[in-house]
Amino acid sequence: MAAELLGLALEAGRRAGALLRDGRPDDLTVAKTKSSPIDVVTEMDIAAEKLITGFLAEQRPDDGFLGEEGAASPGTSGIRWVIDPLDGTVNYLYGLPTWAVSIAAERDGEPVVGVVVAPMRNETYRAVLGGGAYVDTADGERRLAVRPAPPMDQALISTGFAYVQTRRAHQADVAQRMIPRLRDIRRGGSAAIDLCDVAAGRLDGYYERGLNPWDLAAGDLIAREAGALTGGRPGERPSGELTVAAPPGVFEPLQGLLEELGAWHD
Ligand code: IPD
Ligand code: CA
Ligand code: CA
């Protein structure tokens, strides 16, 4: 079952990634805005979601869907697809390369398959629950593993900022107070890629407040299968309140620091 879901997620992700990479109009503009004037959607976000849900629904008509651009149906099979057709829309709009297609399959609410396709990196990250995490590149597949934990003052930690100004102001304040206690901060612009970069050992950790299920479903599984710990506030699962992902040894102090700085409130 997981192998079938993984195969379908990979195919849907590859097709959407190719559409986004090859079909990006030179004069791409904003089609609409959502939570704020800087929370943008392009025609390509919508086209990619349509392609993914159309393909998956044709293959598995009884499955449910949750997609950022509106797909929402419970299904009857116990499998639900959680889809961000274009994670990193602002990068995509500006022609920056850090964007991805994120597709996860949940069984009875538990993520069992995660795929993140990053076309401008020529990389596809994938994980099956209990089966490890891998990246496919032009050179073949490589198993993903987190980096060994450095001391916190040598940790490179990525984060992101929400689209709502009041929340961003507090997030900036938290980041400002974190910087002197870390090696540095990164803001890549795609939560899915941030989580995969933790999995690939390219970051020592990642945190963000305000994520939606489609931002993190696939990347969270990939990070965990690569050896990362993921969570929210201490004892909580990753959620919109707070998402934290890092190797053991960084996860605990990072979670503690975020608690101390109030990263979980606005
Ligand atoms: C956004 C990106 C960004 C994160 C935002 C997300 P979108 O997703 O993942 O890195 O900071 O919280 O909303 O809007 O590009 O799909
Ligand atoms: Ca997103
Ligand atoms: Ca998106």
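What you are looking at is a predicted structure, and each value in this text was computed from that prediction instead of being measured. Both backbone and side-chain heavy atoms feed into the values below; hydrogens, waters and symmetry mates do not. Ligands are counted one by one from 1 in listed order, and the atoms in each one are counted from 1 as well.
A salt bridge is absent between R80 and D63: the closest approach of a Lys/Arg side-chain nitrogen to an acidic carboxylate oxygen does not fall below 4.0 angstrom. Note on D197 versus R121: salt bridge recorded, some NZ/NE/NH1/NH2 to OD/OE distance being below 4.0 Å. With respect to the salt-bridge test (charged N to carboxylate O, under 4.0 angstrom), the residues R181 and D153 do not qualify.
Nearest protein neighbour of atom 8 (O) of ligand 1, counting heavy atoms only, is D87 OD1, 3.0 Å. Given atom 4 (C) of ligand 1, the protein heavy atom at minimum distance is E208 OE2, 3.1 Å.
Of all atoms in ligand 1, numbered sequentially from 1 with element shown, those under 4.0 Å from a heavy atom of S190 are 9 (O), 10 (O). Of all the atoms in ligand 1, the ones that sit under 4.0 Å from a non-hydrogen atom of F161 are 11 (O). Close contacts between ligand 1 and E68 involve ligand atoms 16 (O) [criterion: under 4.0 Å to a heavy atom]. Against a heavy-atom cut-off of under 4.0 Å, T89 is close to the following atoms of ligand 1: 15 (O). Ligand-side atoms of ligand 1 in range of D84: 16 (O), range being under 4.0 angstrom from any heavy atom.
At a heavy-atom distance under 4.0 Å, atoms from both the backbone and the side chain of A191 approach ligand 1. Residue contacts with ligand 1, taken as heavy atom pairs separated by less than 4.0 Å, involve Y163 solely via side-chain atoms from C-beta onward. Residue contacts with ligand 1 for D215 involve side-chain atoms from C-beta outward but no N, CA, C or O (heavy atoms, distance under 4.0 Å). Counting heavy atoms closer than 4.0 Å to ligand 1, residue R187 contributes side-chain atoms (C-beta onward) but none from N, CA, C or O. Heavy atoms of L86 found under 4.0 angstrom from ligand 1 belong exclusively to the backbone.
Contact detail for L20 and P85: the closest heavy-atom pair is CD1-O, 3.4 Å. For A2 against V113, the heavy-atom pair with the smallest separation is O-CG2, 3.7 Å. For the residue pair S35 and Y163, the shortest heavy atom distance occurs at OG-CB, 3.8 Å. Among all heavy-atom pairs drawn from A228 and V198, the shortest one is CB-CG1, 4.1 Å.
Protein atoms of type N, O or S found under 3.0 Å from the Ca ion (ligand 3) total 3.
In this structure the side chain of V250 reaches within 4.5 angstrom of the side chain of M152, judged on heavy atoms.
For ligand 1, the polar-atom distance check against D194 finds no nitrogen or oxygen pair separated by under 3.5 Å. Ligand 1 has a nitrogen or oxygen under 3.5 angstrom from a nitrogen or oxygen of G189. Considering both main-chain and side-chain atoms, D39 never comes within under 3.5 Å of ligand 1 through any nitrogen or oxygen pair. On a distance-only criterion, G88 and ligand 1 share at least one N/O pair closer than 3.5 Å.
In this structure, R183 contributes its side chain and Q154 its backbone to a donor-acceptor pair below 3.5 Å.
Cation-pi geometry between R24 and Y92 is satisfied (NZ or CZ under 6.0 Å from the ring centre, within 45° of the ring normal).
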Could you give me the CA-CA distance, side-chain angles and deciding distance for K34 and E69, then say whether salt bridge (Lys or Arg N to Asp or Glu O under 4.0 Å) is met? CA-CA 10 Å; K34 294 201 281 195; E69 307 313 335; 3.2 Å; yes
Determine, stepwise, if the pair L66 / I83 fulfils side chain to side chain contact (heavy atoms under 4.5 Å, CB included). CA-CA 6 Å; L66 175 67; I83 300 156; over 6 Å; no
Could you walk me through whether E4 and R60 pass the salt bridge (Lys or Arg N to Asp or Glu O under 4.0 Å) check? CA-CA 10 Å; E4 182 205 344; R60 295 185 51 93; 3.2 Å; yes
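A donor atom on one side chain and an acceptor atom on the other are not found under 3.5 Å apart for S36 and D39.
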